[in-house]
Amino acid sequence: PREIDVSKIRSKHPEDFPMEYRVKIASAIEKLSDIQQKVIQDLFYAGKSQAEIGKEVGVSQRQISRIKQNVLDLIKKEFDDDPPQTARDD
């Protein structure tokens, strides 16, 4: 597994995206399997398409789509189960 650079985790609204959220996402990604991490890294950091990743790892684009959705569901659950504490929570 690759180390996650939290500074590269982006939001559509970066001014509303505290470091606590970036750390929480990085922590969740580090718990993923190698293939799940590769899919997330390549899709969201390297800008590759699902088809490109599928060719690289030897699975269909549809399977990459399922992996991506499963990972996003896992990360969402992580946030639902234990939301990050921010200064705004005080």
(request) Not counting sequence neighbours, which residues clear side-chain hydrogen bond (donor to acceptor under 3.5 Å, both in side chains) with K55? List them please. (result) none
(request) Find the distance between CD1 (I29) and OH (Y45) and round it off to the nearest 0.5 Å. (result) 4.0 Å
(message) Would the distance check show the side chain of Q61 and the main-chain N or O of Q50 forming a donor-acceptor pair, the cut-off being under 3.5 Å?
(response) no
Throw together a table of side-chain donor-acceptor distances under 3.5 angstrom for residues 68-75, partners on residues two or more places apart or in other chains.
residue : atom : partner : partner atom : Å
Q69     : NE2  : D73     : OD1          : 3.0
N70     : ND2  : R66     : O            : 3.3

(message) Holding to salt bridge (charged side-chain N to carboxylate O under 4.0 Å, His left out), I want the full list of residues that pass it with E56, two or more places apart in sequence or in another chain.
(response) K38, K48
(request) Would you mind reporting whether V57 and I64 have side-chain heavy atoms less than 4.5 Å apart? (result) yes
(message) The criterion is side-chain contact (heavy atoms from CB on, under 4.5 Å); which residues satisfy it with K31, sequence neighbours excluded?
(response) S27, E78
(request) Sequence neighbours left out, what passes side-chain hydrogen bond (donor to acceptor under 3.5 Å, both in side chains) with S33? Give chain and number order. (result) Q36
(request) Output every pair passing ring-ring contact (aromatic ring centres under 6.0 Å, His included) with a member in residues 51-84, not counting sequence neighbours, ordered by first then second residue. (result) Y21-F79
(message) Please list all pairs meeting ring-ring contact (aromatic ring centres under 6.0 Å, His included) that have one or both residues in residues 22-41, counting only residues at least two apart or in different chains.
(response) none
(message) Quick check for you: to the nearest 0.5 Å, what is the distance between D42 atom CG and Q37 atom CD?
(response) 11.5 Å
